[in-house]
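The analysis underlying the following values was restricted to heavy atoms, covering all of them including side chains, and did not include hydrogens, waters or symmetry mates.
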Amino acid sequence: MSLSYAAWRNENKEILGTFQARKIHMLYTGGKDSSVILLFLSMAGKEFGFEFETSTALFPRQVFTDVDVHRLDKYWRAREVNVQWHSIDSSDAILEDAREASGNPCHACHQVKRGFLFQRLAEISQIHKDIVVILSFNLWDLVSYSIEYLLGGIFRSDDWVPAGNGKSAEQRFLETSQRFYPYITLRDGLSIYKPLLKYNDQDIRKVIEEEGIPVSTVECPYKYYTPKRTLFKYYDQFNIRFDYDKVVEFVKGTLKMNDLSYFENMGMIDFAKVL
């Protein structure tokens with residue numbers, strides 16, 4: 001599926017048309033996915049008449065240098081987007097501690113960022129009840145979650161023990177299966193929106209290049225502790241493109257992905273456990 005603002009707008013116009021009376025909160029990471037979403041969201045806001053809030057958790061701090069933050073902030077302010085940069089009361093040292101203790105610092109990082117997100121949601125919900133949270137996942141993420149479960153869940157040996165948070169592959173898949181749905185509305189009104197879920201990485205990179213959007217220049221030293229990063233290198237080397245409908249059809253039929261209704265029946269507190 002080719003990616004441009006016009007194509008994305010047409011694909012998402014029904015959702016975007018509901019944003020005018022809602023509180024829209026986007027998490028910006030400085031990476032290519034969230035940068036394209038932020039560009040499209042700023043354009044859609046003018047077209048559909050809605051405002052949105054953008055925030056960034058400055059963690060790991062070594063990834064967000066002062067030079068990078070200044071450069072990115074200057075670019076988005078020129079586009080009339082005010083990114084709120086939030087310092088995190090957690091040291092990067094916890095990542096190395098997690099690596100030594102469990103072998104995977106990414107779980108610790110995820111916990112910190114998830115804590116930040118739900119702290120922000122708790123603050124926002126004191127004023128707004130109808131909230132949409134925008135997250136950055138793309139089609140390559142979905143394929144990687146599927147492969148991770150095939151290797152570590154279905155094809156694993158009986159004596160295999162997962163590294164990191166100690167959760168089984170089945171528990172891990174339950175937690176990540178909600179990411180296959182572009183739009184989820186929980187029973188308490190909170191909506192989770194993933195605008196780039198149907199697009200391949202090549203198309204996202206093309207928008208970055210054509211629009212000249214700056215992205216973070218410092219890579220996390222632990223990035224390859226996340227299995228999908230290694231898989232991304234493979235997709236990129238062979239220029240593989242995936243089809244969202246085929247991926248979801250396979251996962252639902254073969255891996256027994258939870259239905260959308262399973263997540264829609266959750267409240268925000270319960271959903272926080274599987275985000």
Side-chain angles (χ1 to χ4, degrees), residues 1-13 15-16 19 24-86 113 132-142 144 182 193-221 223-224 226 228-229 231-242 244:
M1 183 181 294
S2 178
L3 180 59
S4 65
Y5 172 71
W8 177 84
R9 174 217 182 268
N10 290 336
E11 176 77 20
N12 293 270
K13 60 184 178 182
I15 295 173
L16 297 169
F19 281 5
I24 315 301
H25 184 81
M26 186 205 160
L27 293 180
Y28 169 67
T29 67
K32 60 185 182 306
D33 294 356
S34 67
S35 298
V36 170
I37 292 173
L38 191 51
L39 173 65
F40 287 177
L41 202 62
S42 65
M43 297 168 70
K46 296 175 182 178
E47 182 176 353
F48 289 85
F50 64 83
E51 296 181 352
F52 62 94
E53 174 185 284
T54 309
S55 63
T56 301
L58 295 173
F59 188 84
R61 193 63 181 91
Q62 60 187 306
V63 174
F64 293 96
T65 66
D66 292 340
V67 172
D68 253 8
V69 170
H70 176 75
R71 180 175 57 91
L72 298 175
D73 189 65
K74 181 179 179 180
Y75 174 84
W76 289 114
R77 285 185 181 276
R79 286 188 170 269
E80 301 179 337
V81 175
N82 180 23
V83 179
Q84 300 177 24
W85 305 92
H86 296 268
K113 291 182 177 180
V132 180
V133 177
I134 299 179
L135 304 177
S136 305
F137 294 99
N138 68 35
L139 188 50
W140 282 20
D141 290 309
L142 300 188
S144 300
Y193 179 37
K194 312 174 194 78
L196 293 185
L197 209 56
K198 298 183 179 182
Y199 296 94
N200 285 281
D201 201 69
Q202 300 99 321
D203 301 310
I204 295 167
R205 293 200 305 263
K206 183 178 179 182
V207 174
I208 291 290
E209 294 168 2
E210 291 178 345
E211 297 291 338
I213 307 174
V215 296
S216 297
T217 60
V218 181
E219 293 187 342
C220 177
K223 64 181 292 186
Y224 287 111
T226 301
K228 70 177 184 180
R229 296 298 177 185
L231 293 169
F232 278 17
K233 291 177 65 177
Y234 173 81
Y235 309 151
D236 190 40
Q237 182 177 354
F238 293 96
N239 194 31
I240 300 176
R241 290 179 176 270
F242 302 103
Y244 171 80

Run the numbers on I24 and E53 for side-chain contact (heavy atoms from CB on, under 4.5 Å), then give the verdict.
CA-CA 6 Å; I24 315 301; E53 174 185 284; over 6 Å; no
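- Taking the side chain as every heavy atom from C-beta outward, E80 and K46 approach each other to under 4.5 Å.
- Closest of all the heavy-atom pairs between S2 and A7 is O-CB, 3.9 Å.
- Remark: R229 pairs with no residue by the side-chain hydrogen bond (donor to acceptor under 3.5 Å, both in side chains) rule, at least two apart or across chains.
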Worked check of side-chain contact (heavy atoms from CB on, under 4.5 Å) between N12 and Y193:
CA-CA 10 Å; N12 293 270; Y193 179 37; 2.7 Å; yes
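- At distances below 3.5 Å, at least one donor-acceptor pair connects side-chain atoms of T56 with backbone N or O atoms of Y28.
- Within the 4.5 Å cutoff, no side-chain heavy atoms of E211 are placed close to those of V36.
- Nearest heavy-atom pair across F242 and N200 is N-OD1, 2.9 Å.
- Across all their heavy atoms, R71 and T217 have their closest contact at NH2-CG2, 3.1 Å.
- For L58 against R61, the heavy-atom pair with the smallest separation is O-CD, 3.7 Å.
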Start with the C-alpha gap between E47 and Y5, add the side-chain angles, then the distance that decides, and say whether side chain to side chain donor-acceptor pair (under 3.5 Å) holds.
CA-CA 12 Å; E47 182 176 353; Y5 172 71; 2.6 Å; yes
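- Residues L72 and V83 have side chains not in contact (no heavy-atom distance under 4.5 Å, counting atoms from C-beta outward).
- Of the possible donor and acceptor atoms, one in the side chain of D141 sits under 3.5 Å from a partner among the backbone N and O of N138.
- Shown here is Q84, whose CD atom has more than 12 heavy atoms of other residues, nucleotides or ligands within 6.0 Å.
- Taking 4.5 Å as the limit, some side-chain heavy atom of L38 sits within range of a side-chain heavy atom of F52.
- Proximity of L3 to K206: side-chain heavy atoms (C-beta onward) are nowhere separated by under 4.5 Å.
- For S34 (side chain) and T29 (main-chain N/O), a donor-acceptor pair under 3.5 Å exists by modelled atom type.
- Residue I37 holds its CD1 atom at 7.5 Å from CD1 of I134, rounded to the nearest 0.5 Å.
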Full working for side-chain contact (heavy atoms from CB on, under 4.5 Å) between Y75 and V215:
CA-CA 10 Å; Y75 174 84; V215 296; over 6 Å; no
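- Considering only heavy atoms from C-beta on, F137 stays 4.5 Å or farther from L142 through its side chain.
- In this structure, the side chain of W140 does not engage the main chain of D236 through any donor-acceptor pair within 3.5 Å.
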After noting the C-alpha distance and the side-chain angles of Y235 and L139, does the key distance pass the side-chain contact (heavy atoms from CB on, under 4.5 Å) rule?
CA-CA 11 Å; Y235 309 151; L139 188 50; over 6 Å; no
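- Scanning for salt bridge (charged side-chain N to carboxylate O under 4.0 Å, His left out) contacts around K113 gives an empty result, with sequence neighbours left out.
- Between the side chain of N10 and the main chain of A6, a donor-acceptor pair closer than 3.5 Å is present.
- What you find for Q202 and N239 is that their closest heavy atoms are NE2-OD1, 3.0 Å.
- Residues W76 and L39 are in side-chain contact: their nearest non-hydrogen atoms beyond the backbone lie under 4.5 Å apart.
- In this structure, K223 fails the cation-pi test against F232, since its NZ or CZ atom is not both closer than 6.0 Å to the six-membered ring centre and inside 45 degrees of the ring normal.
- Here the closest heavy-atom approach between residue W8 and residue P195 is recorded as NE1-O, 3.2 Å.
- Side-chain contact between F40 and V207 is present, with heavy atoms from C-beta onward closer than 4.5 Å.
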